[in-house]
There are 2 protein chains.
Amino acid sequence: MKALRKQRGPRPGSIARVPGIDYGGLDDLLGYALRRAQLAGFEAFHRATAGVDITPPRYTALIFVGANPGLSQTDLGAALGTARSGAMLLTNWFEAHGLAERRRRNGDGRAWGLYLTARGRVLIAKLARRVRAHDAAFAGRLAARELVQLKKLLGKLAG
Amino acid sequence: MKALRKQRGPRPGSIARVPGIDYGGLDDLLGYALRRAQLAGFEAFHRATAGVDITPPRYTALIFVGANPGLSQTDLGAALGTARSGAMLLTNWFEAHGLAERRRRNGDGRAWGLYLTARGRVLIAKLARRVRAHDAAFAGRLAARELVQLKKLLGKLAG
DNA sequence: CCGCGAATGTTATATAGCACTACAATCTGA
DNA sequence: TCAGATTGTAGTGCTATATAACATTCGCGG
């Protein structure tokens, strides 16, 4: 079980607008506007998880496991939108860091059930608090009414 | 100069909502809503560039080079929000595919200036048309007024 | 109850994308 | 003229994916 201290990975690259550069019509694309806003959101996440070696997919996966005890790796992959093999690598990482564990489920000798460890629960509780706070701060760039509207529109786009 | 035919990479994973799974409060996060919407936008881009081995960062970089002839790799990296080394890899790829080239700039023996080749200009013209069309189709999930509002709000978030 | 197809996890392999470090060449300004 | 900044580059490594092949196990139709 390795330590979970330093955040090593790359900083989340926000794309600051560079003055004097011609954006060649990119600004008119909804997709580009979404990307820029989302990178800003990643920064909020990054600040929230500073000092902990976690990443967005890892965080999402831990939340899923915490909220759905006994989840199988296949179902975790489906919820994340990734292949089974990716869910397995994530699970390996969680076990190596003592955050979650595989346990045999009653009926099925193939599937594992995933469960947070005590340590995982503590970490998720702490992180979720910080992530929510930073997300709220990020969302605070908008008025409350605007935020409601934005979420509605984003929901329409995501289908 | 390699061919530029098939798109090899992974499909852009949208995250379909999985029924029966508890999302553990993730839905309340603005960052998560942004991510989902942006992945849907990536799919539109993917459809627009089907059959061509291009990716969002490559496309963005080509647009930048086209709109800013003589751009240095450092400035390209800054505009993309990535490290210089990434801009160099992109540039290598462009040269290998005959889309852009490095040319010495007048005063400075260190920096290269980046320029689209004729082939790069043709490709970008064709792609930009398709990308705009698919972006418009994607944005068409919203009413015109909603779209204006959304872009305004996204702009606020991206700062 | 048997056997076959489906599901599950796993292993192995590959790729894109990106960061960081260290370095050589070049520029710039005191 | 020289010290420090800038630029491109090479090398290395890690995350996040995907795909294919495989063994185990399950479930069901006969």
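Lettering follows sequence order; numbering is per chain, from 1.
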Could you check whether G109(A) gets within reach of a base, just the sugar-phosphate, or nothing at all, counting any heavy atom under 4.0 Å? sugar-phosphate

Identify which one of T60(B), D135(B), I63(B) satisfies the side chain to side chain contact (heavy atoms under 4.5 Å, CB included) criterion when paired with L29(A). D135(B)

Quick one: side chain to side chain donor-acceptor pair (under 3.5 Å) partners of D22(B), sequence neighbours excluded? none

In whole angstroms, the gap separating P of dT21(C) from CZ of R84(B) amounts to 12 Å

Output the rounded distance in Å from CD (E95(B)) to C1' (dG8(D)). 12 Å

Remember a base hit wins even if backbone is also touched, and classify S85(A) as base, sugar-phosphate or nothing at under 4.0 Å, heavy atoms. base

Rounded to whole angstroms, how far apart are CG on D53(A) and C1' on dT15(D)? 10 Å

Name the pairs: protein N/O against N/O of nucleotides 3-6 of chain D, kept only if under 3.5 Å.
from	atom 1	to	atom 2	distance (Å)
dT6(D)	O4'	R110(B)	NH1	3.4
dT6(D)	O2	R110(B)	NH1	2.7

Are D28(A) and K151(B) within salt-bridge range, i.e. N to O under 4.0 Å? no

Are the aromatic ring centres of F45(B) and Y59(B) under 6.0 angstrom apart? yes

Please check the phosphate of dT7(D) (OP1 and OP2 only) for any side-chain N or O of R105(B) closer than 4.0 Å. no

Set out, in order, the CA-CA distance, both residues' side-chain angles and the distance that settles salt bridge (charged side-chain N to carboxylate O under 4.0 Å, His left out) for E146(B) and K156(A), then state yes or no. CA-CA 10 Å; E146(B) 290 177 325; K156(A) 274 194 182 187; 3.0 Å; yes

Euclidean distance, atom CD1 of residue I54(A) to atom P of dA16(D) [Å, nearest integer]: 9 Å

Among dT10(C), dT17(D), dG8(D), which nucleotide has an atom closest to any side-chain atom of Q73(A)? dT10(C)

Give the rounded distance in Å between these two atoms: CG of L90(B) and P of dT15(C). 18 Å

Rounded to the Å, how far apart are H97(A) NE2 and dC14(D) P? 12 Å

Look at T55(A) and dA16(D) and indicate whether a side-chain polar atom (N or O) is within less than 4.0 Å of OP1 or OP2. yes

Looking at the side chain of W112(B), which of dT9(D), dT25(D), dA19(C) is the nearest nucleotide? dT9(D)

Do you know the tightest heavy-atom contact between A48(B) and R130(B)? O-NE, 2.9 Å

Taking Watson-Crick (N1-N3 plus N6-O4 or O6-N4) and G-U wobble (N1-O2, O6-N3), each under 3.5 Å, can you produce the dot-bracket string of DNA chain D? Use [ ] for crossing pairs and | for inter-strand ones. ||||||||||||||||||||||||||||||

What's the closest nucleotide to the side chain of M88(A) if the choices are dA16(D), dT8(C), dT10(C)? dT10(C)

Matching residue for D108(A) among R110(A), R105(A), R104(A) - test: salt bridge (charged side-chain N to carboxylate O under 4.0 Å, His left out): R110(A)

How is R102(A) classified with respect to the nucleic acid when contacts are heavy atoms under 4.0 Å: base, sugar-phosphate, or nothing? sugar-phosphate

Per nearest nucleotide of DNA chain D, the residue lying toward the 5' end, G107(A) or A83(A), is A83(A)

Of the listed nucleotides dT26(C), dG17(C), dA10(D), the one nearest the side chain of P57(B): dG17(C)

How are the rings of Y32(A) and Y23(A) set relative to one another: parallel (under 30°), tilted (30 to 60°) or perpendicular (over 60°)? tilted

Within 45° cone and under 6.0 Å: R103(A) NZ/CZ vs W112(A) ring: no

NA contact type, L89(A), heavy-atom cut-off 4.0 Å: base, sugar-phosphate, or nothing? base

Heavy-atom pair of closest approach, residues R102(B) and L114(B): CG-CD2, 3.8 Å

Write down the distance between CG (D108(A)) and C1' (dG9(C)), rounded to a whole number of angstrom. 11 Å

Between dG17(C) (P) and F94(B) (CZ): distance, integer Å: 10 Å

